[in-house]
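Notes for the one structure printed next.
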Amino acid sequence: MPRYNPAVLEPKWQTYWDQHKTFASPQMPVGAKCYVLDMFPYPSGDGLHVGHPEGYTATDIVCRAARMQGRSVLHPMGFDAFGLPAEEHAIKTGQHPRIQTEQNIANFRRQLKMLGFSYDWDRELATTDLNYIHWTQWIFLQLYDTWFDQEHQRGKPIDQLPIPESIAAEGDKAVIAYQDQHRLAYQSEAPVNWCPALGTVLANEEVINGKSERGGHPVVRRPLRQWMLRITAYAERLEKDLEGVDWPTGVKTLQRNWIGRSTGAEVNFIIRGAKSEERRTKDEGDVIRVYTTRPDTLFGATYMVLAPEHPLVERLTTAENQQEVATYRDKAAAKSDLDRTDLAKDKSGVFTGSYAINPVNDEQIPIWIADYVLISYGTGAIMAVPAHDQRDFEFAQQYGIDIKSVVEPGPNATSDYSLKGPPKDGPGKTADDKDQVFTGEGIAINSGDFNGLTTEQFKQKITAWLKAQGHGHQAVNYKLRDWLFSRQRFWGEPFPLLHELDDQRKPTGNIRPLEAKDLPLNLPHLEDFKPHGRPEPPLDSAPDEWLYPVIDGTTYKRETNTMPQWAGSCWYYLRFLDPSNEQALIDPEIEQAWMPIDLYVGGAEHAVLHLLYARFWHKVLFDRGWVSTPEPFHKLVNQGMILGEDGGKMSKSRGNVVNPDEVVAEYGADSLRLYEMFMGPLEATKPWNMDGVNGVHGFLHRVWRMIVDEKADELILNSAVTDERLTQAQARVLHKTIQAVTQDIAKLEFNTAIARMMEFTNFFTKQDSRPREAMEKLVLLLSPYAPHLAEELWQLLGHSDTLAYEPWPEYDDALIAEDELEIPVQIKGKVRSKIRVPAGADQGAIKAAARNDPRIIELLAGKQIVKTIVVPGRLVNFVTR
RNA sequence: GCCGAAGUGGCGGAAUUGGCAGACGCGCUAGACUCAGAAUCUAGUGCCCGUAAUGGGCGUGGAGGUUCAAAUCCUCUCUUCGGCACCA
């Protein structure tokens, strides 16, 4: 019995595609190119989740349709295979993480092939492959070899860094140190998230509210020597180039917020009693520099705050405040992230005993330290304007500091009041009001010559004035921080760097990068993966022959940190273009031919970090001439999350996880693919429903029966499939379907495309004669969605070759057009009747037809028509009194 | 608190240059086939009123507004989800 049996038919075609290398893509595109990429998965031990095939099916449909439309398609898949779970598994079992990783990859590959995706498997890669690590390390060396020329906004080779004469005069050591300070990869003593319970250092993303994401153990901050990447140098370009990419606005906004560009002014406050106070000079050591986005509120500054870690704190603290300041600083230093967020509501701080002079009015204001000011943003010091800043207001209230209003809401002010709401006496009343804060823009008061200016005008004037007087200048700041790039883990790429040792085996501070010819540097063999409870990296216990190479008689120690998981995912899209190149990262001609990526689909969880890091690396490679486009991902789409049947997030603990293997076993891959596309818009969050899978499976079965004679003993065509010509009605349905499906694929609206094919099927199953032409074209339209079924039916319809490169069906507008239309007739906006008119009827004819409709005549009897609206092809509306 | 996305039948969702709300599917109801079930097929299915219809009313989170006409545009508001969270 030739029933529709995916369990037989799907493996058959998967084998066919594999053996014929149906989806191998050309090295260089022929004609129009189409590079469509999925965010590659981390091969976890749990296997594929139903969320994965959602995006993968969407891109697969786009690719399969594009091939049929004659474009050269590049559609690769790989594995983001470094990561903590494999390392934890290794710690538990003593088995090398590579073994676990390879098993997981094999399982993922099996599942992906089971779903019939048209990947070019010859390009498969994993970030853990030695020949991939090779080029990850090579890119790191590029970063290490690059400095950022602020003036030209461009990364350049380090040997082109201009060395100031004063540095050059000090000798080679000073020059090297100077270069090291400017590299995009540099070392820094940075606080890391050390988790004593897990015995490891964690990435920021792995710390949630001061506790480890896994296990919920406390995490403390402690300083360690780290490798940093100078992503902040690229902040401006990373922000600006977002304009040119076709991304969801939400993702762009997220990235902009993360980069956090703000403009304002840096202002120098002179320390009272400093030598230069009388002379009002700009002696560096005698000023506190602050950053503000509201220089127009300078007259309202009633105190200053330095971050506890600010270098001037020691000097500013008077003898009688020594004890208190020291205690506060110690406490602040020991604070974990959890404490910081917990204490966010209560402001705390201590007075240093010193005062500074406000350059705009020479007033003396007290200098405090408080941990609500961060050393890492701006200058690490602020002027505090409690009347117009929420945080300063809370602090001033707590410590009884003066509050002085200098802005009042303008005539068309939006209410930007906090705490006590708008002033009781109306919008004009703000001056000296001590129990509210106004953070909006408005009109200046209590500001000397600047009174009456709007906030915008004031900002411009005061910035110019500060510059003229030498008290400050305009400034731009970014929230973005440099990227902490090293991890104290085993299962990651080793850094291709050596630390020079002296005779006593102490580091001299000199770094020696590996030469390109010495790459890749593989991970050493480790006997023991167990954490040793110290924050030094696991690679510190590597065998000496790995750890201490001797080159030209000098002993070195290898860098024992490893790279974060992001490193591999930062550039995999480039390697897919030329995966087996051993001479270079990528062949420039191939790169130019395929880049940028036309469509990149993945989860919204990567909206910031992965996409920002990858853009950063790409821009460095662009500056250094290795890639030809300033941005890697032209169009980005986030697939929505699939929730469990109970409407909650899928999780093992909720017991609502849907396993793709089980769905395929019961309904087949085509049904899973089709269901995931039919659930709703690609980008929407939507709940799973097994009945829905059964529903689309029923549709595929109906397609099967429309074409196959299920009652016959062998696989033959349904006798209703004939070589007759299409009737006019049949042609209209066919061409409407082609049109809708074609347009919907371009818009990535797969759910409605499937609905149109269902309508087609509902129509044609009722036809006694189903012309072969219509059946063949439907099979082609359906093939991107349900490729196995489509190939099987295509073969049955008499074709010996795969349909993967058959020309996409064309539609004819003339055949779609109806001769006669039914249009509604409204009276006062309510539909009262419907009339049939010829498709080309003009306004007068339609109106006449409407007037002559018996029901309309009846309803309009005795009524006076004040107005008639006729929209040809749409409706008629009679407006009566 | 700030930013972003979204609220349409019992459910997933269609329809936004303003022009018949509910395409398509699930579910449900009735019927056919069957010993019975599964599967399949046929008809119906937004809510309320009505014996009935080619009948009447209501209806896209809520309240107003613009318009001949609003799910769609404007104002206010509520709810849900996601992100950020002392960034001066």
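We use all heavy atoms of the structure for the numbers below, so side chains are in, but hydrogens, waters and symmetry mates are not. Keep in mind that what you see is a predicted model, and the values were worked out from it rather than measured. Below, chain A is the first sequence line, B the second, and so on; all start at residue 1.
- Taking atom C1' on both nucleotides, B/A36 is separated from B/G46 by 36 Å, rounded to a whole Å.
- For the C1' atoms, the distance from B/U79 to B/A43 is 39 Å, rounded to whole Å.
- A salt bridge links A/E394 with A/K347: the closest approach of a Lys/Arg side-chain nitrogen to an acidic carboxylate oxygen falls below 4.0 angstrom.
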query = With the sugar-phosphate defined as primed atoms, P, OP1 and OP2, and the base as all remaining atoms, what B/S/- string results for nucleotides 46-58 of chain B, 5' to 3', for protein heavy atoms under 4.0 Å?
reply = ---------SSSS
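- Closest-nucleotide positions on RNA chain B for A/W258 and A/S376 were compared, and the one nearer the 5' end corresponds to A/W258.
- When the nucleotides B/A88, B/U17, B/C24 are ranked by their closest atom to the side chain of A/I382, B/A88 comes out on top.
- Candidate nucleotides B/G4, B/A23, B/A88 were compared by shortest atom distance to the side chain of A/T293, and B/A88 ranks first.
- For residues 841-858 of chain A, every residue pair satisfying the side chain to side chain donor-acceptor pair (under 3.5 Å) rule, not counting sequence neighbours, is listed here: A/S833-A/D853.
- Identified under the salt bridge (Lys or Arg N to Asp or Glu O under 4.0 Å) test for residues 293-302 of chain A, with sequence neighbours left out: A/R294-A/D296.
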Polar atoms only, N or O, under 3.5 Å: list the protein pairs with nucleotides 37-42 of chain B and their distances.
from: B/U40; atom 1: O3'; to: A/R705; atom 2: NH2; distance (Å): 3.0
from: B/C41; atom 1: OP1; to: A/R705; atom 2: NH2; distance (Å): 3.1

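- A/N718 places a side-chain N or O within donor-acceptor distance of the main-chain N or O of A/R705, the cut-off being under 3.5 Å.
- Counting any heavy atom pair closer than 4.0 Å across all strands shown, A/E822 reaches a base atom.
- The same atom, P, is picked in B/C41 and in B/C24; the two are 15 Å apart, to the nearest Å.
- With sequence neighbours left out, A/E266 forms a salt bridge (Lys or Arg N to Asp or Glu O under 4.0 Å) with A/R289.
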remark   = With both pairing distances under 3.5 angstrom for Watson-Crick or G-U wobble, and | for a partner in another strand, the correct string for RNA chain B is (((((((..(((......[....)))((((((.......))))))((((.....))))..(((((..]....))))))))))))....
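- Each side chain to side chain donor-acceptor pair (under 3.5 Å) pair with one or both residues in residues 670-680 of chain A, not counting sequence neighbours, appears once here: A/D60-A/R673, A/D670-A/H788.
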Pick out the pairs of N or O atoms, protein on one side and nucleotides 67-70 of chain B on the other, that lie under 3.5 Å.
from: B/C68; atom 1: OP1; to: A/K867; atom 2: NZ; distance (Å): 3.3
from: B/C68; atom 1: O2'; to: A/N877; atom 2: ND2; distance (Å): 3.3
from: B/C68; atom 1: O2; to: A/N877; atom 2: ND2; distance (Å): 2.7

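- Nucleic acid contact for A/N762: sugar-phosphate only, since backbone atoms but no base atoms lie under 4.0 Å from a heavy atom of the residue.
- One distance of note links NZ of A/K404 with CD1 of A/I365; it measures 10.0 Å at 0.5 Å rounding.
- Rounding to whole angstrom units, CD1 of residue A/I369 and C1' of B/C86 are separated by 16 Å.
- Residue A/D853 contributes atom CG, which lies 18 Å from atom P of B/C20 at whole-angstrom precision.
- The nearest whole Å value for the distance from the NZ atom in A/K736 to the P atom in B/A23 is 15 Å.
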For nucleotides 29-31 of chain B, tabulate all protein N/O to nucleotide N/O atom pairs closer than 3.5 Å, reporting atom names and distance.
none

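- Environment of CZ in A/R256: crowded, with over 12 heavy atoms of neighbouring residues, nucleotides or ligands closer than 6.0 Å.
- When distances are taken from the side chain of A/E749 to each of B/C86, B/A15, B/C24, the shortest belongs to B/A15.
- Side-chain contact, A/S376 with A/R481: a donor N or O sits under 3.5 Å from an acceptor N or O.
- A/S833 comes within 4.0 angstrom of nothing in the nucleic acid, heavy atoms only.
- Looking at residues two or more places apart in sequence or on another chain, you find a ring pair (Phe, Tyr, Trp, His ring centres under 6.0 Å) between A/W704 and A/Y4.
- Among the nucleotides B/C20, B/C26, B/A88, the one closest to the side chain of A/P824 is B/C20.
- Summarising the geometry, the separation between CG on A/N638 and C1' on B/A6 is reported as 15 Å, rounded to the nearest angstrom.
- Within 4.0 Å (heavy atoms only), A/G695 reaches sugar-phosphate atoms of the nucleic acid but no base atom.
- RNA chain B is contacted by both A/R874 and A/G378; A/R874 maps to the nucleotide lying nearer its 5′ end (nearest heavy atom per residue).
- Ionic pairing of A/D744 and A/R756 is not present here: no N-O contact between side-chain nitrogen and carboxylate oxygen is shorter than 4.0 angstrom.
- Checking A/Y372 against A/D392 by side-chain atom types alone, a donor-acceptor pair falls below 3.5 Å.
- Looking only at side-chain heavy atoms (C-beta outward), A/T297 and A/F458 stay at 4.5 Å or farther from each other.
- What separates CG of A/L374 from P of B/C86 is a distance of 7 Å, to the nearest Å.
- Base orientation for B/G61: anti, the chi torsion being more than 90° from 0.
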query = After noting the C-alpha distance and the side-chain angles of A/M39 and A/Q639, does the key distance pass the side-chain contact (heavy atoms from CB on, under 4.5 Å) rule?
reply = CA-CA 11 Å; A/M39 288 185 189; A/Q639 86 258 19; over 6 Å; no
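- Every pair passing salt bridge (Lys or Arg N to Asp or Glu O under 4.0 Å) that includes a residue from residues 827-838 of chain A is listed here, sequence neighbours excluded: A/E820-A/R836.
- Summarising the geometry, the separation between CD1 on A/I856 and C1' on B/C20 is reported as 13 Å, rounded to the nearest angstrom.
- If you take atom P in B/G12 and the same atom in B/C81, they sit 15 Å apart, rounded to whole Å.
- The A/D389 side chain lies nearest to B/A88 when the options are B/A88, B/G19, B/G27.
- Rounded to the nearest 0.5 Å, atoms CG (A/D709) and CD1 (A/I707) are 12.5 Å apart.
- Looking only at side-chain heavy atoms (C-beta outward), A/H471 and A/L298 stay at 4.5 Å or farther from each other.
- If you measure from atom OH of A/Y303 to atom P of B/A88, you get 16 Å, rounded to the nearest angstrom.
- In terms of modelled atom types and a separation under 3.5 Å, the side chain of A/R770 and the main chain of A/T765 share a donor-acceptor contact.
- A/Y399 contributes a side-chain N or O that, together with a main-chain N or O of A/G349, makes up a donor-acceptor pair within less than 3.5 Å.
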ask   = Going through the checks in order, is the side-chain hydrogen bond (donor to acceptor under 3.5 Å, both in side chains) test met by A/N477 and A/S262?
value = CA-CA 5 Å; A/N477 258 299; A/S262 77; 5.6 Å; no
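- Rounding to whole angstrom units, CG of residue A/N257 and P of B/C86 are separated by 14 Å.
- Nucleotides B/C86 and B/G10 place their C1' atoms 47 Å apart, quoted to the nearest Å.
- Among the atoms of the strands shown, only primed sugar atoms or phosphate atoms (P, OP1, OP2) are found under 4.0 Å from some heavy atom of A/G250.
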So which protein nitrogen or oxygen atoms get under 3.5 Å of nucleotides 9-14 of chain B's nitrogens or oxygens?
from: B/G12; atom 1: O2'; to: A/M679; atom 2: O; distance (Å): 2.6
from: B/A14; atom 1: OP1; to: A/N751; atom 2: ND2; distance (Å): 3.0

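- Note that CZ of A/F760 and CG of A/L778 are 4.5 Å apart. Values are rounded to the nearest 0.5 Å.
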